[in-house]
Amino acid sequence: MSSKIRDYNKLAVDILNELGGENNIVTVSRCATRLRLVTQHTPDHAKENIAKLPGVITVVEKGGQIQVVIGTHVDKVYNAFTQLINTDKKVTNDDKANILNRVIATMSAVFAPFVYVLAASGILQGILILIKLAFPEFESTSTYKIFDFISWAPFFFLPIFIAITASQHFRCNIYIAVACCAALLSPTWTKLAELIKAGTEIDLFGIALSETPYNSTVLPPLFLVWLLSYLERFLEPRLHSIIKPLLMPLICLVIMVPSTLIAIGPITANAAHYIANGYNWIVNLAPFIAGGLIGAVWQVLVIFGVHWGITPVITENINQYGQDSFQAFQTIAVIGQVGAALGFYIKTKTQEMKGISLSAFITGLFGITEPAIYGVNLRFKKPFIYGCICASLGGIVAGFFTPYYYTYAALPGPLTIVNAIKPDNMSSFFGVAIGSAIALIGPVILIQIFGTGETIQDNFNNPKTINNQDDNPKILLDEVDITSPMTGHALPLSEVPDPAFSQKLMGEGIAIEPTDNHVYAPFDAEVTAVFENSKHAIGLTLDNGVELLIHVGIDTVNLTNNEFAYHVELHQKVKKGDLLISFNPEVIKQAGYPLITPIIIVNTDQYQFISLTDKTEVTVDDIIFKIKQ
């Protein structure tokens with residue numbers, strides 16, 4: 001078979017190397033377009049070197065994070081990156097960032113993984129709005145009712161999504177977190193909250209409960225999981241291993257859920273309510289000023305990665321009042337940068353920048369502006385400034401219509417303008433539409449008049465363009481045969497129980513279910529990657545230029561009790577047949593980890609054809625790869 005795919009794994013490896021390796025990484029997360037990393041320290045010139053890597057748009061250091069802006073393929077780089085490190089490592093330097101930065105980093109880590117689910121639900125709601133306008137009788141049909149509850153489901157069960165992502169961020173048991181948050185959404189509690197609201201007094205241990213409902217809330221489940229992480233860490237060394245699997249969830253449930261009903265939930269829900277009311281007071285006082293300010297500065301906040309901090313205000317407005325003005329103005333700010341990318345595309349004379357700006361414009365239509373900002377607008381300054389100016393003007397004009405969004409738009413942009421439609425308040429939609437038109441068309445006109453900000457030097461010496469094209473020179477070879485590094489049963493990658501491998505995000509290759517406990521060098525090579533904590537994998541650069549990753553087992557990065565042993569060191573030169581790794585297969589299996597071993601060609605995209613063996617049983621003498629240009 002043959003394959004040619006994007007080399008996301010090489011990018012992940014290069015980023016890790018530039019940041020000083022696995023031991024320097026504290027945490028890793030991602031949002032819609034960025035790989036977000038917290039490190040013990042930032043190596044000299046790391047930011048500059050990473051920014052030059054093919055596939056990287058830019059690097060921002062803010063909020064205690066190194067944010068590698070990649071674009072819409074960030075999920076694939078993230079998947080590759082997390083295979084290279086122990087993702088269960090604890091945060092050891094919480095004092096590194098101030099409180100505000102840590103809050104922003106938390107909101108990003110919690111919301112980014114499921115933002116597209118919310119965006120899809122918002123688009124579905126927008127489609128239903130349009131169908132109701134065209135066919136009013138559709139609202140009374142069972143078809144509408146079914147799709148309506150489908151569209152609202154992710155928002156109603158938002159605490160469950162938060163439980164999943166927050167438990168990963170705060171390093172606590174995901175299933176306990178989900179169980180605690182699910183209890184808050186129980187229909188029984190919903191009925192009890194309604195009774196309390198109607199005047200019935202209901203208490204827990206003699207303490208009167210508030211009427212707080214928890215569907216669609218943000219802060220209550222977030223704080224619940226945060227405090228749960230401390231409770232788990234307190235209980236962990238104090239519970240015997242035999243009874244811990246049962247007592248840990250039992251104790252957490254009976255402590256955290258009542259604590260949330262009594263104190264955590266009412267306090268945090270009221271805090272979100274008051275913050276939202278404060279913003280709404282400003283908007284009601286002078287909506288055109290709020291619109292102009294948000295239009296001008298929102299994309300500046302995106303640059304520094306602090307834009308996730310507004311999420312609780314938006315969700316609280318939607319949850320409490322069924323409407324939110326911030327996203328109406330936010331949409332106009334996004335469209336300002338989309339218009340700037342379009343104007344740049346029309347004006348620029350270079351084919352390379354036409355391709356970059358057109359791609360950024362198309363991505364911006366879906367509410368993702370980082371490629372437009374970093375790839376084009378901010379890079380040449382003028383387009384970014386024009387986009388902010390026109391978005392501010394659009395926000396001011398829209399403010400006179402007092403616009404609102406009536407459904408949540410996870411990624412506000414041109415496609416979500418329909419969220420401003422409400423039959424009894426069509427001025428809301430008109431305001432957003434007019435403001436968006438100003439934000440879109442204004443930068444196009446200004447760029448045609450005043451130029452793109454490009455210089456002659458930009459046109460003839462574009463470092464980013466050169467890097468994207470030439471940093472990975474193709475390796476010229478007729479054909480290379482690579483033998484198996486271990487003996488066992490050969491499997492296609494599609495059968496590996498890990499999407500990073502099965503979907504070939506790491507590169508082309510095969511997997512082997514080993515029948516012995518040794519890994520050997522399949523070719524003369526240099527050891528270019530080791531994993532000191534777990535010793536579960538090894539990276540080789542073969543003398544013929546092929547970069548190979550041998551990953552023994554699935555999720556075995558979590559094993560750090562000498563289940564694996566290295567027989568080589570980093571940068572050591574090895575000969576074909578040299579012993580690289582030995583491991584204890586029985587202990588690994590007893591720990592619950594599969595021994596299926598992916599063998600990946602990391603620099604897959606440097607070769608046109610990679611033929612894989614058809615054998616089902618292989619030894620170290622059998623050829624598993626035939627590679628040619």
Side-chain angles (χ1 to χ4, degrees), residues 7 9-10 12-14 16-17 21-22 80 83-84 475 477-491 493 496 501 506-554 556-557 559 562-585 588 595-604 606-607 610-613 615-629:
D7 200 349
N9 186 60
K10 182 174 182 354
V13 170
D14 289 342
L16 183 61
N17 288 339
E22 177 187 4
Q83 290 294 321
L84 303 175
I475 299 172
L477 46 83
D478 293 328
E479 183 172 285
V480 168
D481 295 337
I482 299 176
T483 57
S484 174
M486 60 200 319
T487 297
H489 180 63
L491 301 165
L493 287 183
V496 175
F501 295 114
M506 308 281 287
E508 181 62 276
I510 69 168
I512 295 176
E513 180 82 40
T515 54
D516 68 4
N517 65 330
H518 295 105
V519 178
Y520 300 94
F523 208 90
D524 293 353
E526 178 184 354
V527 178
T528 51
V530 295
F531 305 87
E532 292 295 349
N533 289 336
S534 58
K535 302 179 177 61
H536 73 294
I538 194 166
L540 303 173
T541 298
L542 309 190
D543 286 357
N544 54 38
V546 174
E547 297 176 18
L548 211 62
L549 173 67
I550 304 170
H551 191 288
V552 183
I554 303 302
T556 44
V557 68
L559 299 175
N562 300 318
E563 293 87 355
F564 297 88
Y566 279 140
H567 299 276
V568 292
E569 298 177 348
L570 185 64
H571 302 309
Q572 179 178 331
K573 295 287 187 178
V574 297
K575 295 292 186 180
K576 179 180 177 181
D578 285 352
L579 179 61
L580 304 176
I581 302 174
S582 58
F583 52 92
N584 190 327
I588 295 170
L595 270 175
I596 295 175
T597 299
I599 302 165
I600 306 298
I601 299 172
V602 173
N603 54 341
T604 292
Q606 295 186 2
Y607 307 102
I610 299 175
S611 298
L612 310 181
T613 182
K615 292 184 177 181
T616 56
E617 303 295 331
V618 295
T619 69
V620 292
D621 295 322
D622 290 319
I623 296 171
I624 57 172
F625 298 131
K626 286 183 177 291
I627 304 174
K628 60 183 178 180
Q629 185 67 25

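Values in this document were obtained by computation on a predicted structure and should not be read as measured data. All heavy atoms count here, side chains included; hydrogens, waters and symmetry mates do not.
Atoms CD1 and CD1, from I554 and I588 in turn, are 11.5 Å apart once rounded to the nearest 0.5 Å. In this structure, OG on S484 lies 11.5 Å from CD1 on I623, to the nearest 0.5 angstrom. The CD1 atom of I550 sits 6.0 Å away from the CG atom of L580 when rounded to the nearest 0.5 Å. Once rounded to the nearest 0.5 Å, the distance linking CD of E617 with CG of D622 reads 10.0 Å. Rounding to the nearest 0.5 angstrom, the gap separating the CD1 atom in I627 from the CG atom in N603 is 8.0 Å. To the nearest 0.5 Å, atom CD1 of residue I600 and atom OG1 of residue T597 are 10.5 Å apart.
In this structure, H551 and T556 approach most closely via the heavy-atom pair CE1-OG1, 4.1 Å. Contact between E547 and T541 at its shortest, heavy atoms only, is CG-OG1, 4.0 Å. The shortest heavy-atom contact between F625 and I599 is CZ-O, 3.5 Å.
Residues satisfying the side-chain contact (heavy atoms from CB on, under 4.5 Å) test with N17, not counting sequence neighbours, are V13.
In this structure a side-chain-to-backbone donor-acceptor pair under 3.5 Å is present from H489 to T616. At least one donor-acceptor pair closer than 3.5 Å links the side chain of Y566 to the backbone N or O of A537. Side-chain N or O atoms of N9 include none that pairs as donor or acceptor with a backbone N or O of T604 at under 3.5 Å. Not one N or O on the side chain of T483 forms a donor-acceptor pair closer than 3.5 Å with the backbone of D481.
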Acceptor/donor pairs from residues 511-526 side chains to any protein atom, 3.5 angstrom cut, sequence neighbours excluded:
residue	atom	partner	partner atom	Å
T515	OG1	T487	O	3.3
D516	OD1	H518	N	3.4
N517	ND2	F583	O	3.2
D524	OD1	K576	N	2.8
E526	OE2	H571	ND1	3.4

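Screening T613, L491, I601, V618 for a side chain to side chain contact (heavy atoms under 4.5 Å, CB included) with I510, the sole residue that qualifies is T613. Considering V530, I538, L579, D578 as possible partners of V568, the one that fulfils the side chain to side chain contact (heavy atoms under 4.5 Å, CB included) test is I538.
Residues V552 and K535 are not in side-chain contact: their nearest non-hydrogen atoms beyond the backbone lie 4.5 Å or more apart. Between P598 and L549, every side-chain heavy-atom pair lies at or beyond the 4.5 Å cut-off.
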